[in-house]
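Numbering of ligands and ligand atoms starts at 1, following listing order. Predicted, not measured: the structure shown is a model, and the values here were computed from it.
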Amino acid sequence: MTDLKKIDTYAKKWIKEASDRIKDSFSKELTIQTKSHANDLVTDIDQATERFFIEKINSVFPDHRILGEEGFGDDVQSLEGVVWIIDPIDGTMNFVHQQRNFAISIGIFEDGVGKIGLIYDVVHDELYHAISGEGAYLNDLKIPQMRKTKLSESILGLNATWVTENRRIDSSLLAPLVKKSRGTRSYGSAALEIVYVATGRIDAYLTLRLAPWDFAAGLIIIEELGGRATNLRGEKLNMLEGGSVFFANEELHDEILKDYLHNGKW
Ligand code: 2AM
Ligand code: CA
């Protein structure tokens, strides 16, 4: 049987080591490149951090596979066995511009089932972590089960991109949702926005296009707390391809899906 405690202990140790390296980089000059477009950034630190994790995982767990954002891991085409889904720095634009509001995100799956979720807010020293079935924690504090909210009393995590002209959706589609909510926020790190939903700092997070490493860990933490994690059609998230995402407490998820998302071609 897979020893989840052992995996979790190593993963947490490596996250702390990686975060020390990331913090050391603040005093050095970053090498910044762009990926799919001019605002899709990657730095030498994103790449070095991913390589660090891969080296460590391969040395202790040679039969585990790794799906990493920067592409140094394995060519993962299925979720058989143990698969680590890693974003070495989620919120790279924040890392570059702000030196805060970014996280290391690691979701560990066994035969397609989420087992361990780890999201570390490096600068604030806040580790959100869950082992499936054993509760979710923020550092040493147990996070309570998610409370239910109505849209009119909820804060939504939503990027302004989706309510201005964009390539993916009609920008008027989400306007009624924004109007009915108490307010919107956008933090620029999907992993952090998802754990903000988990801890009730915001009540829902929705966006049109994420990759598996942006939400793998968050999915495990949210589900451990009784929240819902789906795409914008209300379907199960695709852990190999990604797509749209919609995280919320149960009641709010039902309300938004039923009243606000049924017309969209998400
Ligand atoms: P990143 O910083 O790891 O790239 C920003 O709103 C959020 O969306 C971040 O979590 C960011 O992750 C993610 N993101 C940015 N560009 C993306 C892209 N082209 N595809 C998928 N996710 C992206
Ligand atoms: Ca990243």
- Query: Is there side-chain contact between Met239 and Leu79, with heavy atoms separated by less than 4.5 Å?
  - Reply: yes
- Item | ligand 1 N/O within reach of Thr92 N/O, cut-off under 3.5 Å | yes
- Can you tell me the protein heavy atom closest to atom 14 (N) of ligand 1 and the distance? Asp214 OD2, 4.3 Å
- Message: For atom 5 (C) of ligand 1, is there a protein heavy atom at a distance under 4.0 Å?
- Response: yes
- Query: Which of these, Val245, Val42, Asp90, has its nearest heavy atom closest to atom 11 (C) of ligand 1?
  - Reply: Asp90
- Task: Taking the side chain as every heavy atom from C-beta outward, state whether Leu141 and Asn139 have any pair of such atoms under 4.5 Å apart.
- Result: no
- Query: Charged N to carboxylate O below 4.0 Å: is that the case for Lys142 and Glu134?
  - Reply: no
- Could you find the nearest protein heavy atom to atom 1 (P) of ligand 1 and give me its residue, atom name and distance? Gly91 N, 3.6 Å
- Item | Side chain, backbone, both or neither: Glu69 near ligand 1, heavy atoms under 4.0 Å | side chain
- For residues Glu251 and Lys148, report the shortest heavy-atom separation together with the two atoms involved. OE1-CB, 3.3 Å
- Note on the structure: A student checking ligand 1 against Gly188 at a 4.0 Å heavy-atom cut-off should list atoms 5 (C), 9 (C)
- Message: Quick test: of every protein heavy atom, which one is nearest to atom 16 (N) of ligand 1, and how far off is it to 0.1 Å?
- Response: Asp40 OD1, 4.2 Å
- Counting from 1 in the order shown, the ligand 1 atoms closer than 4.0 Å to a non-hydrogen atom of Arg209 are 21 (C), 22 (N)
- Item | Numbering as shown, the atoms of ligand 1 that approach Ser189 to under 4.0 Å (heavy-atom distance) | 10 (O)
- Message: Run Tyr10 and Phe61 through ring pair (Phe, Tyr, Trp, His ring centres under 6.0 Å) and show every step you take.
- Response: CA-CA 10 Å; Tyr10 272 107; Phe61 302 108; 5.7 Å; yes
- Message: Could you tell me if the side chain of Tyr187 sits less than 4.5 Å from the side chain of Asn94, heavy atoms only?
- Response: no
- Query: Do NZ/NE/NH1/NH2 and the carboxylate oxygens of Arg228 and Asp254 come within less than 4.0 Å?
  - Reply: yes
- Message: Any protein heavy atom at under 4.0 Å, with atom 21 (C) of ligand 1 as the reference point?
- Response: yes
- Atom name of the N, O or S atom in Asp87 that lies nearest to the Ca ion (ligand 2): OD1
- of all protein heavy atoms, closest to atom 3 (O) of ligand 1 is Asp87 OD2, 2.9 Å
- Just to confirm, does any protein heavy atom lie below 4.0 Å from atom 9 (C) of ligand 1? yes
- Would you please classify the geometry between the Phe247 ring and the Phe215 ring as parallel, tilted or perpendicular, with 30° and 60° separating the classes? tilted
- Note on the structure: The atom name of the N, O or S atom in Glu69 nearest to the Ca ion (ligand 2) is OE1
- So is Ile89 in contact with ligand 1, going by heavy-atom distances below 4.0 Å? yes
- Message: Counting only heavy atoms closer than 4.0 Å, does ligand 1 sit against the backbone of Ala190, its side chain, both, or neither?
- Response: both
- Would you say Leu240 and Gln77 make side-chain contact, with heavy atoms under 4.5 Å? no
- Task: May I ask you to test the Trp84-Ile7 pair for a side-chain heavy-atom distance under 4.5 Å?
- Result: yes
- Item | Note: Lys13-Glu17 ion pair, threshold 4.0 Å (strictly below) | yes
- Message: With respect to the Ca ion (ligand 2), please indicate if Ile89 possesses an N, O or S atom at a distance under 3.0 Å.
- Response: yes
